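The structure appears right after this line, and notes come after that.
One-based numbering, in listed order, for ligands and for the atoms of each. Remember, it's a predicted structure, so these values are computed and weren't measured experimentally. Numbering of residues begins at 1 and proceeds along the displayed sequence.
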Amino acid sequence: MTLTLFMALTGYFKKSWTLPGSRAEELGGFPLFLDVARMAEDAKIDAVFLADALVNDNVVAGNIEFNAFHEPLTTLAATAARTSRIGLVGTLSTTFSEPYNAARMFNSLDHISGGRAGWNVVTSLTGDKNFGMTGMPEAEERYRRAGEFVDVVRELWDSWADDAITADRERGVWLDRDRVHDIEHHGEFFDVVGSLTMGRSPQGHPVLAQAGSSPTGMDLGARIGDLIYTAQPDKAEAIAFYDRIKQMAAGHGRARTDTIVLPGIIAVVGETERDAAELVRMLDSVVDFELGRSTLGKAISIDLSELELDEPIPAERWGEWQDYSRYVMYRRLAEDRGLTLRDLILTNTRSFGHGFVAGTAAQIADRMIDWFESGACDGFNFNPPWIPGGLRNICELLVPELQERGYFHADYEGDTLREHLGLARPGA
Ligand SMILES: Cc1cc2nc3c(=O)[nH]c(=O)nc-3n(C[C@H](O)[C@H](O)[C@H](O)COP(=O)(O)O)c2cc1C
(Lines give C-alpha, C1' and ligand atoms only; values in the text may rest on other atoms or scores of the structure.)
Protein backbone atom coordinates (compact mmCIF):
# COMPACT_ATOMS: atom_id res chain seq x y z
CA MET A 1 0.00 0.00 0.00
CA THR A 2 0.89 3.62 -0.40
CA LEU A 3 0.12 5.61 2.75
CA THR A 4 0.20 9.40 2.99
CA LEU A 5 -0.76 11.80 5.76
CA PHE A 6 -3.07 14.76 5.30
CA MET A 7 -1.56 17.55 7.42
CA ALA A 8 -4.77 18.53 9.21
CA LEU A 9 -3.05 19.95 12.26
CA THR A 10 -6.35 21.00 13.85
CA GLY A 11 -7.42 17.34 13.74
CA TYR A 12 -9.76 16.28 10.93
CA PHE A 13 -12.75 15.76 13.23
CA LYS A 14 -14.26 19.22 13.51
CA LYS A 15 -13.73 20.94 16.85
CA SER A 16 -11.38 18.19 18.03
CA TRP A 17 -8.90 21.03 18.55
CA THR A 18 -10.96 21.91 21.67
CA LEU A 19 -9.90 18.63 23.32
CA PRO A 20 -7.18 18.90 25.97
CA GLY A 21 -3.64 18.53 24.64
CA SER A 22 -4.45 19.59 21.06
CA ARG A 23 -1.67 22.21 20.61
CA ALA A 24 -4.27 24.53 19.00
CA GLU A 25 -2.31 27.59 20.18
CA GLU A 26 0.57 26.54 17.96
CA LEU A 27 -1.28 26.34 14.62
CA GLY A 28 0.69 28.21 11.99
CA GLY A 29 3.99 27.73 13.82
CA PHE A 30 6.70 25.41 12.57
CA PRO A 31 7.46 23.20 15.63
CA LEU A 32 4.00 21.59 15.55
CA PHE A 33 4.22 21.02 11.79
CA LEU A 34 7.67 19.50 12.10
CA ASP A 35 6.70 17.24 15.02
CA VAL A 36 3.79 15.85 13.00
CA ALA A 37 5.91 15.37 9.87
CA ARG A 38 8.57 13.57 11.91
CA MET A 39 6.01 11.34 13.60
CA ALA A 40 4.88 10.36 10.09
CA GLU A 41 8.46 9.84 8.93
CA ASP A 42 9.22 7.63 11.93
CA ALA A 43 6.25 5.49 10.83
CA LYS A 44 7.71 5.39 7.26
CA ILE A 45 4.61 7.09 5.79
CA ASP A 46 5.33 7.77 2.11
CA ALA A 47 4.49 11.46 2.11
CA VAL A 48 2.86 14.30 3.98
CA PHE A 49 0.23 16.20 2.01
CA LEU A 50 -0.42 19.87 2.73
CA ALA A 51 -3.66 21.40 1.47
CA ASP A 52 -4.12 25.08 0.65
CA ALA A 53 -6.81 27.71 0.15
CA LEU A 54 -6.48 31.37 -0.68
CA VAL A 55 -9.30 32.75 1.46
CA ASN A 56 -9.68 33.04 5.23
CA ASP A 57 -13.48 32.96 5.35
CA ASN A 58 -13.86 29.58 7.05
CA VAL A 59 -11.69 30.48 10.02
CA VAL A 60 -13.52 33.74 10.53
CA ALA A 61 -16.81 31.78 10.44
CA GLY A 62 -15.53 29.58 13.29
CA ASN A 63 -14.60 26.65 11.11
CA ILE A 64 -10.85 26.38 11.46
CA GLU A 65 -10.42 22.89 9.98
CA PHE A 66 -8.77 22.75 6.56
CA ASN A 67 -7.51 26.28 6.81
CA ALA A 68 -4.22 27.03 5.14
CA PHE A 69 -2.31 27.86 8.30
CA HIS A 70 0.91 27.04 6.50
CA GLU A 71 1.87 28.31 3.07
CA PRO A 72 2.83 25.00 1.45
CA LEU A 73 6.04 25.74 -0.46
CA THR A 74 7.84 27.67 2.29
CA THR A 75 6.71 25.22 4.98
CA LEU A 76 7.72 22.15 2.99
CA ALA A 77 11.10 23.68 2.15
CA ALA A 78 11.77 24.11 5.87
CA THR A 79 10.50 20.59 6.53
CA ALA A 80 12.83 19.25 3.84
CA ALA A 81 15.80 20.54 5.78
CA ARG A 82 14.71 18.83 9.01
CA THR A 83 13.58 15.44 7.63
CA SER A 84 15.36 13.02 5.35
CA ARG A 85 13.07 10.54 3.63
CA ILE A 86 9.40 11.45 3.73
CA GLY A 87 7.74 12.84 0.58
CA LEU A 88 6.53 16.46 0.67
CA VAL A 89 3.36 17.13 -1.32
CA GLY A 90 2.09 20.70 -1.39
CA THR A 91 -0.96 22.31 -2.96
CA LEU A 92 -0.75 25.15 -5.46
CA SER A 93 -3.67 26.57 -7.39
CA THR A 94 -3.48 26.90 -11.16
CA THR A 95 -6.12 29.65 -11.05
CA PHE A 96 -4.02 32.03 -8.95
CA SER A 97 -0.51 31.40 -10.16
CA GLU A 98 1.55 31.27 -13.34
CA PRO A 99 3.31 28.18 -14.69
CA TYR A 100 6.74 29.79 -14.66
CA ASN A 101 6.48 30.51 -10.92
CA ALA A 102 5.07 27.07 -10.14
CA ALA A 103 7.73 25.25 -12.19
CA ARG A 104 10.52 27.08 -10.37
CA MET A 105 9.09 26.53 -6.90
CA PHE A 106 8.52 22.79 -7.21
CA ASN A 107 11.77 22.27 -9.08
CA SER A 108 13.53 24.10 -6.26
CA LEU A 109 11.72 22.10 -3.55
CA ASP A 110 12.77 18.93 -5.36
CA HIS A 111 16.42 20.06 -5.31
CA ILE A 112 16.27 21.17 -1.66
CA SER A 113 14.66 17.90 -0.53
CA GLY A 114 16.80 15.57 -2.62
CA GLY A 115 13.85 14.45 -4.77
CA ARG A 116 10.93 14.37 -2.35
CA ALA A 117 8.67 17.06 -3.82
CA GLY A 118 5.09 16.66 -4.99
CA TRP A 119 2.51 19.14 -6.26
CA ASN A 120 -1.22 18.79 -5.57
CA VAL A 121 -2.76 20.51 -8.59
CA VAL A 122 -6.00 22.31 -7.71
CA THR A 123 -8.16 24.85 -9.53
CA SER A 124 -9.75 26.39 -6.35
CA LEU A 125 -13.42 26.99 -5.68
CA THR A 126 -12.87 30.47 -4.26
CA GLY A 127 -10.22 33.14 -3.88
CA ASP A 128 -11.20 35.59 -6.64
CA LYS A 129 -11.78 38.47 -4.21
CA ASN A 130 -8.16 38.34 -3.09
CA PHE A 131 -6.79 38.46 -6.63
CA GLY A 132 -8.58 41.41 -8.18
CA MET A 133 -11.08 39.22 -9.99
CA THR A 134 -14.82 39.80 -10.19
CA GLY A 135 -15.82 36.15 -9.87
CA MET A 136 -14.47 32.64 -10.30
CA PRO A 137 -14.12 31.25 -13.82
CA GLU A 138 -16.46 28.30 -14.48
CA ALA A 139 -15.11 24.86 -13.54
CA GLU A 140 -14.68 23.84 -17.17
CA GLU A 141 -12.50 26.89 -17.90
CA ARG A 142 -10.52 26.45 -14.67
CA TYR A 143 -9.71 22.87 -15.67
CA ARG A 144 -8.76 23.89 -19.24
CA ARG A 145 -6.33 26.39 -17.73
CA ALA A 146 -5.08 23.74 -15.27
CA GLY A 147 -4.39 21.28 -18.10
CA GLU A 148 -2.37 23.81 -20.10
CA PHE A 149 -0.70 25.04 -16.90
CA VAL A 150 0.63 21.55 -16.06
CA ASP A 151 1.76 20.99 -19.66
CA VAL A 152 3.81 24.20 -19.54
CA VAL A 153 5.28 23.32 -16.14
CA ARG A 154 6.37 19.92 -17.40
CA GLU A 155 7.87 21.45 -20.53
CA LEU A 156 9.83 23.83 -18.30
CA TRP A 157 11.04 20.99 -16.06
CA ASP A 158 12.30 19.32 -19.24
CA SER A 159 13.92 22.47 -20.65
CA TRP A 160 17.28 21.42 -19.20
CA ALA A 161 18.67 17.99 -20.07
CA ASP A 162 19.88 15.99 -17.07
CA ASP A 163 23.49 16.43 -18.23
CA ALA A 164 23.26 20.11 -19.20
CA ILE A 165 25.60 21.25 -16.41
CA THR A 166 29.18 20.43 -17.36
CA ALA A 167 31.07 22.75 -14.95
CA ASP A 168 34.11 22.40 -17.21
CA ARG A 169 36.78 24.36 -15.31
CA GLU A 170 39.44 24.06 -18.02
CA ARG A 171 37.27 25.54 -20.75
CA GLY A 172 35.47 27.85 -18.31
CA VAL A 173 32.14 26.55 -19.56
CA TRP A 174 29.53 25.73 -16.91
CA LEU A 175 26.55 24.96 -19.14
CA ASP A 176 26.28 22.95 -22.34
CA ARG A 177 24.02 25.38 -24.15
CA ASP A 178 22.91 22.73 -26.62
CA ARG A 179 21.38 20.83 -23.68
CA VAL A 180 19.01 23.66 -22.69
CA HIS A 181 16.14 24.76 -24.89
CA ASP A 182 13.49 27.47 -24.98
CA ILE A 183 10.06 25.91 -24.72
CA GLU A 184 8.28 28.35 -27.09
CA HIS A 185 4.85 27.59 -25.67
CA HIS A 186 1.97 29.58 -27.13
CA GLY A 187 -1.46 28.41 -25.99
CA GLU A 188 -4.93 29.52 -24.98
CA PHE A 189 -3.90 30.80 -21.53
CA PHE A 190 -0.12 31.06 -21.51
CA ASP A 191 2.76 32.34 -23.60
CA VAL A 192 6.03 31.11 -22.16
CA VAL A 193 9.04 31.43 -24.41
CA GLY A 194 12.16 30.68 -22.40
CA SER A 195 13.76 27.89 -20.38
CA LEU A 196 13.81 27.42 -16.62
CA THR A 197 16.35 29.30 -14.51
CA MET A 198 17.61 26.12 -12.87
CA GLY A 199 18.70 22.61 -13.75
CA ARG A 200 16.60 19.48 -13.90
CA SER A 201 15.70 18.20 -10.45
CA PRO A 202 16.41 14.81 -8.83
CA GLN A 203 13.00 13.40 -9.78
CA GLY A 204 12.95 15.09 -13.19
CA HIS A 205 9.30 15.78 -12.58
CA PRO A 206 8.13 16.24 -9.00
CA VAL A 207 5.20 13.89 -8.29
CA LEU A 208 1.82 15.27 -9.38
CA ALA A 209 -1.27 14.78 -7.24
CA GLN A 210 -4.84 15.58 -8.27
CA ALA A 211 -8.20 15.26 -6.54
CA GLY A 212 -10.84 16.15 -9.12
CA SER A 213 -14.03 14.14 -8.90
CA SER A 214 -16.25 15.82 -11.51
CA PRO A 215 -15.87 14.31 -15.01
CA THR A 216 -13.58 17.20 -16.09
CA GLY A 217 -11.61 17.00 -12.84
CA MET A 218 -11.18 13.25 -13.17
CA ASP A 219 -10.05 13.63 -16.74
CA LEU A 220 -7.24 15.95 -15.64
CA GLY A 221 -6.28 13.56 -12.84
CA ALA A 222 -6.29 10.59 -15.20
CA ARG A 223 -4.04 12.44 -17.65
CA ILE A 224 -1.49 13.99 -15.29
CA GLY A 225 -1.96 12.60 -11.76
CA ASP A 226 0.56 10.24 -10.20
CA LEU A 227 -1.45 10.34 -6.98
CA ILE A 228 -5.24 10.55 -7.14
CA TYR A 229 -6.86 11.74 -3.93
CA THR A 230 -10.55 11.05 -3.45
CA ALA A 231 -13.31 10.95 -0.82
CA GLN A 232 -14.99 7.51 -0.91
CA PRO A 233 -17.12 6.42 2.04
CA ASP A 234 -18.59 3.39 0.25
CA LYS A 235 -16.60 0.37 -1.00
CA ALA A 236 -18.70 -0.39 -4.11
CA GLU A 237 -18.52 3.24 -5.22
CA ALA A 238 -14.79 3.32 -4.47
CA ILE A 239 -14.30 0.29 -6.75
CA ALA A 240 -16.32 1.99 -9.50
CA PHE A 241 -14.27 5.19 -9.12
CA TYR A 242 -11.01 3.22 -9.17
CA ASP A 243 -11.98 1.39 -12.36
CA ARG A 244 -13.12 4.59 -14.02
CA ILE A 245 -9.90 6.47 -13.23
CA LYS A 246 -7.70 3.58 -14.41
CA GLN A 247 -9.72 3.32 -17.63
CA MET A 248 -9.55 7.06 -18.22
CA ALA A 249 -5.78 6.94 -17.59
CA ALA A 250 -5.48 4.10 -20.12
CA GLY A 251 -7.29 6.39 -22.58
CA HIS A 252 -4.38 8.82 -22.11
CA GLY A 253 -1.87 6.05 -22.84
CA ARG A 254 -0.96 5.41 -19.21
CA ALA A 255 -0.46 2.04 -17.49
CA ARG A 256 -2.66 1.01 -14.53
CA THR A 257 0.31 1.34 -12.19
CA ASP A 258 1.00 4.94 -13.29
CA THR A 259 -1.82 6.31 -11.13
CA ILE A 260 -2.03 5.62 -7.40
CA VAL A 261 -5.56 6.04 -6.06
CA LEU A 262 -5.76 7.10 -2.41
CA PRO A 263 -9.12 7.54 -0.67
CA GLY A 264 -9.03 9.43 2.61
CA ILE A 265 -9.60 7.50 5.84
CA ILE A 266 -10.33 8.77 9.33
CA ALA A 267 -9.10 5.95 11.54
CA VAL A 268 -9.92 6.11 15.24
CA VAL A 269 -7.57 3.45 16.57
CA GLY A 270 -8.02 2.08 20.08
CA GLU A 271 -6.04 -0.46 22.11
CA THR A 272 -9.29 -2.41 22.42
CA GLU A 273 -12.73 -2.20 20.84
CA ARG A 274 -14.07 -0.59 24.00
CA ASP A 275 -11.26 1.92 23.99
CA ALA A 276 -12.06 2.85 20.36
CA ALA A 277 -15.77 3.29 21.19
CA GLU A 278 -14.76 5.52 24.12
CA LEU A 279 -12.56 7.62 21.79
CA VAL A 280 -15.47 8.06 19.37
CA ARG A 281 -17.66 9.17 22.30
CA MET A 282 -14.98 11.67 23.28
CA LEU A 283 -14.92 13.07 19.72
CA ASP A 284 -18.71 13.11 19.35
CA SER A 285 -18.95 15.11 22.57
CA VAL A 286 -17.44 18.15 20.84
CA VAL A 287 -19.77 18.19 17.80
CA ASP A 288 -21.31 21.62 17.25
CA PHE A 289 -24.55 20.95 15.35
CA GLU A 290 -25.32 24.60 14.58
CA LEU A 291 -21.86 25.24 13.13
CA GLY A 292 -22.21 21.86 11.41
CA ARG A 293 -25.48 22.98 9.82
CA SER A 294 -23.85 25.96 8.14
CA THR A 295 -20.71 24.01 7.18
CA LEU A 296 -22.70 21.21 5.58
CA GLY A 297 -24.97 23.77 3.93
CA LYS A 298 -21.96 25.39 2.28
CA ALA A 299 -20.50 22.04 1.20
CA ILE A 300 -23.70 21.09 -0.63
CA SER A 301 -24.82 24.64 -1.52
CA ILE A 302 -28.18 24.29 0.26
CA ASP A 303 -29.73 26.59 2.84
CA LEU A 304 -30.27 24.27 5.82
CA SER A 305 -31.44 26.92 8.27
CA GLU A 306 -34.66 26.24 10.15
CA LEU A 307 -34.76 22.57 9.19
CA GLU A 308 -35.46 19.99 11.89
CA LEU A 309 -32.27 18.16 12.86
CA ASP A 310 -34.07 14.82 13.25
CA GLU A 311 -35.84 14.88 9.87
CA PRO A 312 -34.39 14.19 6.40
CA ILE A 313 -33.63 17.24 4.22
CA PRO A 314 -36.85 17.83 2.22
CA ALA A 315 -36.64 16.98 -1.50
CA GLU A 316 -37.33 20.57 -2.62
CA ARG A 317 -34.24 21.83 -0.76
CA TRP A 318 -32.04 19.39 -2.70
CA GLY A 319 -33.37 20.83 -5.99
CA GLU A 320 -31.96 19.64 -9.34
CA TRP A 321 -29.16 17.03 -9.30
CA GLN A 322 -25.71 18.62 -9.21
CA ASP A 323 -22.65 16.70 -10.33
CA TYR A 324 -20.02 17.88 -7.84
CA SER A 325 -18.75 15.30 -5.43
CA ARG A 326 -19.93 16.42 -1.98
CA TYR A 327 -23.46 17.06 -3.28
CA VAL A 328 -23.67 13.63 -4.92
CA MET A 329 -22.20 11.88 -1.88
CA TYR A 330 -24.52 13.48 0.69
CA ARG A 331 -27.61 13.24 -1.48
CA ARG A 332 -26.96 9.52 -1.99
CA LEU A 333 -26.41 9.01 1.73
CA ALA A 334 -29.62 10.89 2.50
CA GLU A 335 -31.79 9.19 -0.08
CA ASP A 336 -30.37 5.64 -0.15
CA ARG A 337 -29.87 5.27 3.58
CA GLY A 338 -32.53 7.64 4.89
CA LEU A 339 -30.12 9.77 6.91
CA THR A 340 -31.54 12.73 8.83
CA LEU A 341 -29.98 16.18 8.85
CA ARG A 342 -28.39 15.33 12.24
CA ASP A 343 -26.83 12.16 10.74
CA LEU A 344 -25.49 14.09 7.78
CA ILE A 345 -24.01 16.80 10.00
CA LEU A 346 -22.38 14.13 12.16
CA THR A 347 -20.94 12.41 9.06
CA ASN A 348 -19.62 15.70 7.74
CA THR A 349 -18.16 16.60 11.14
CA ARG A 350 -16.45 13.26 11.56
CA SER A 351 -15.06 12.81 8.12
CA PHE A 352 -16.12 15.44 5.54
CA GLY A 353 -17.28 12.55 3.37
CA HIS A 354 -14.21 10.33 3.73
CA GLY A 355 -14.35 6.83 5.24
CA PHE A 356 -14.69 6.87 9.03
CA VAL A 357 -13.58 3.73 10.88
CA ALA A 358 -13.16 3.06 14.58
CA GLY A 359 -11.74 -0.10 16.12
CA THR A 360 -8.56 -1.89 17.06
CA ALA A 361 -5.55 -1.75 14.76
CA ALA A 362 -6.37 -5.29 13.59
CA GLN A 363 -9.99 -4.41 12.77
CA ILE A 364 -9.07 -1.25 10.85
CA ALA A 365 -6.24 -3.06 9.04
CA ASP A 366 -8.79 -5.75 8.00
CA ARG A 367 -10.98 -3.07 6.45
CA MET A 368 -8.07 -1.34 4.69
CA ILE A 369 -6.73 -4.64 3.34
CA ASP A 370 -10.20 -5.63 2.15
CA TRP A 371 -10.52 -2.40 0.14
CA PHE A 372 -6.99 -2.79 -1.21
CA GLU A 373 -7.52 -6.44 -2.24
CA SER A 374 -10.94 -5.65 -3.74
CA GLY A 375 -9.53 -3.11 -6.19
CA ALA A 376 -10.98 -0.09 -4.40
CA CYS A 377 -7.64 1.69 -3.92
CA ASP A 378 -3.84 1.50 -4.01
CA GLY A 379 -3.49 2.79 -0.46
CA PHE A 380 -4.91 5.51 1.76
CA ASN A 381 -4.52 9.09 2.81
CA PHE A 382 -4.77 9.24 6.60
CA ASN A 383 -6.83 12.11 7.94
CA PRO A 384 -5.82 12.20 11.62
CA PRO A 385 -9.06 12.37 13.66
CA TRP A 386 -7.40 14.48 16.32
CA ILE A 387 -3.89 15.78 16.97
CA PRO A 388 -1.62 14.57 18.39
CA GLY A 389 -3.14 11.46 20.09
CA GLY A 390 -5.23 10.31 17.11
CA LEU A 391 -2.22 10.46 14.83
CA ARG A 392 0.01 8.75 17.38
CA ASN A 393 -2.37 5.79 17.53
CA ILE A 394 -2.30 5.53 13.72
CA CYS A 395 1.51 5.65 13.62
CA GLU A 396 2.19 3.42 16.61
CA LEU A 397 -0.65 0.88 16.43
CA LEU A 398 -2.17 0.76 12.94
CA VAL A 399 0.89 1.20 10.71
CA PRO A 400 2.88 -1.54 12.54
CA GLU A 401 -0.11 -3.87 12.10
CA LEU A 402 -0.05 -3.23 8.33
CA GLN A 403 3.72 -3.74 8.30
CA GLU A 404 3.48 -7.02 10.18
CA ARG A 405 0.90 -8.30 7.73
CA GLY A 406 3.15 -7.38 4.81
CA TYR A 407 0.93 -4.63 3.40
CA PHE A 408 3.22 -1.70 4.12
CA HIS A 409 6.98 -1.31 3.82
CA ALA A 410 9.09 -1.71 6.97
CA ASP A 411 11.38 1.06 5.70
CA TYR A 412 11.67 3.47 2.78
CA GLU A 413 12.92 1.57 -0.26
CA GLY A 414 14.66 4.50 -1.89
CA ASP A 415 15.49 8.15 -1.41
CA THR A 416 13.03 9.97 -3.66
CA LEU A 417 9.26 10.14 -3.45
CA ARG A 418 9.03 8.50 -6.88
CA GLU A 419 11.07 5.61 -5.51
CA HIS A 420 8.80 5.27 -2.46
CA LEU A 421 5.82 5.15 -4.81
CA GLY A 422 7.39 2.78 -7.34
CA LEU A 423 7.06 5.38 -10.12
CA ALA A 424 9.63 5.72 -12.90
CA ARG A 425 11.68 8.90 -13.28
CA PRO A 426 10.62 10.63 -16.50
CA GLY A 427 13.44 10.97 -19.02
CA ALA A 428 14.31 14.46 -20.23
C1 LIG B 1 -8.14 14.79 -0.28
C2 LIG B 1 -8.50 16.04 -1.03
C3 LIG B 1 -7.72 17.17 -0.84
C4 LIG B 1 -8.02 18.36 -1.50
N5 LIG B 1 -7.25 19.46 -1.27
C6 LIG B 1 -7.58 20.64 -1.84
C7 LIG B 1 -6.81 21.81 -1.54
O8 LIG B 1 -5.87 21.77 -0.78
N9 LIG B 1 -7.18 22.98 -2.12
C10 LIG B 1 -8.24 23.07 -2.99
O11 LIG B 1 -8.51 24.15 -3.48
N12 LIG B 1 -8.97 21.96 -3.29
C13 LIG B 1 -8.67 20.77 -2.72
N14 LIG B 1 -9.44 19.65 -2.98
C15 LIG B 1 -10.57 19.77 -3.91
C16 LIG B 1 -10.24 19.13 -5.27
O17 LIG B 1 -9.15 19.76 -5.88
C18 LIG B 1 -11.47 19.19 -6.19
O19 LIG B 1 -11.78 20.51 -6.52
C20 LIG B 1 -12.67 18.55 -5.53
O21 LIG B 1 -12.36 17.21 -5.17
C22 LIG B 1 -13.91 18.55 -6.42
O23 LIG B 1 -13.64 17.99 -7.67
P24 LIG B 1 -13.98 18.82 -8.97
O25 LIG B 1 -13.13 20.06 -8.92
O26 LIG B 1 -13.61 17.93 -10.12
O27 LIG B 1 -15.46 19.12 -8.89
C28 LIG B 1 -9.15 18.44 -2.35
C29 LIG B 1 -9.93 17.28 -2.53
C30 LIG B 1 -9.63 16.09 -1.88
C31 LIG B 1 -10.50 14.89 -2.08
Side-chain angles (χ1 to χ4, degrees), residues 2-10 12 47-58 65-73 75-76 88-97 102 118-128 130-131 136-147 149-150 208-233 237-238 241-242 244-245 248 260-266 298-301 321-330 348 351-356 377-384:
T2 293
L3 296 176
T4 63
L5 172 68
F6 193 69
M7 294 296 273
L9 301 188
T10 55
Y12 205 79
V48 292
F49 168 25
L50 182 50
D52 196 29
L54 295 159
V55 287
N56 194 33
D57 301 2
N58 283 340
E65 291 77 16
F66 319 134
N67 184 55
F69 290 104
H70 298 87
E71 189 289 312
L73 271 295
T75 307
L76 293 177
L88 307 164
V89 179
T91 299
L92 184 123
S93 172
T94 55
T95 301
F96 302 115
S97 185
W119 168 25
N120 178 38
V121 180
V122 301
T123 70
S124 303
L125 283 175
T126 51
D128 47 312
N130 294 330
F131 290 83
M136 286 300 290
E138 290 296 314
E140 209 275 328
E141 183 186 324
R142 294 202 313 272
Y143 274 114
R144 261 201 344 272
R145 179 181 161 104
F149 193 118
V150 173
L208 295 179
Q210 223 285 313
S213 48
S214 62
T216 353
M218 285 175 70
D219 187 61
L220 178 68
R223 181 165 77 81
I224 61 108
D226 301 308
L227 299 175
I228 304 288
Y229 285 109
T230 177
Q232 299 292 338
E237 278 166 28
F241 176 88
Y242 185 90
R244 210 156 53 242
I245 274 282
M248 289 168 87
I260 297 172
V261 178
L262 302 176
I265 183 170
I266 292 88
K298 274 192 209 123
I300 57 180
S301 308
W321 259 95
Q322 308 287 323
D323 73 356
Y324 60 93
S325 59
R326 291 278 168 352
Y327 179 93
V328 171
M329 180 188 302
Y330 286 119
N348 194 48
S351 64
F352 198 49
H354 291 282
F356 181 87
C377 63
D378 298 306
F380 294 89
N381 185 35
F382 284 124
N383 296 310

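Residues meeting the side chain to side chain donor-acceptor pair (under 3.5 Å) test with H70, sequence neighbours left out: none. By the side chain to side chain donor-acceptor pair (under 3.5 Å) test, E140 pairs with R144, sequence neighbours left out.
I265 pairs with exactly one of F380, F6, F356 by the side-chain contact (heavy atoms from CB on, under 4.5 Å) rule, that one being F380.
With hydrogens and angles left out, the side-chain atoms of Y229 and N120 include no donor and acceptor closer than 3.5 Å.
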Please list, one pair per line, the donor and acceptor atoms closer than 3.5 Å that link side chains of residues 211-221 to other protein atoms, with sequence neighbours excluded.
unit_1 : atom_1 : unit_2 : atom_2 : d
S213   : OG     : S325   : OG     : 3.1
S214   : OG     : G217   : N      : 3.1
D219   : OD1    : H252   : NE2    : 3.0

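Each of F49, A51, D52, T91, N120, V122, S124, Y143, A211, G212, S213, S214, G217, Y229 has a non-hydrogen atom positioned under 4.0 Å from some atom of ligand 1.
In this pair, W119 and F149 present their aromatic rings tilted. The plane angle is within the 30 to 60° band.
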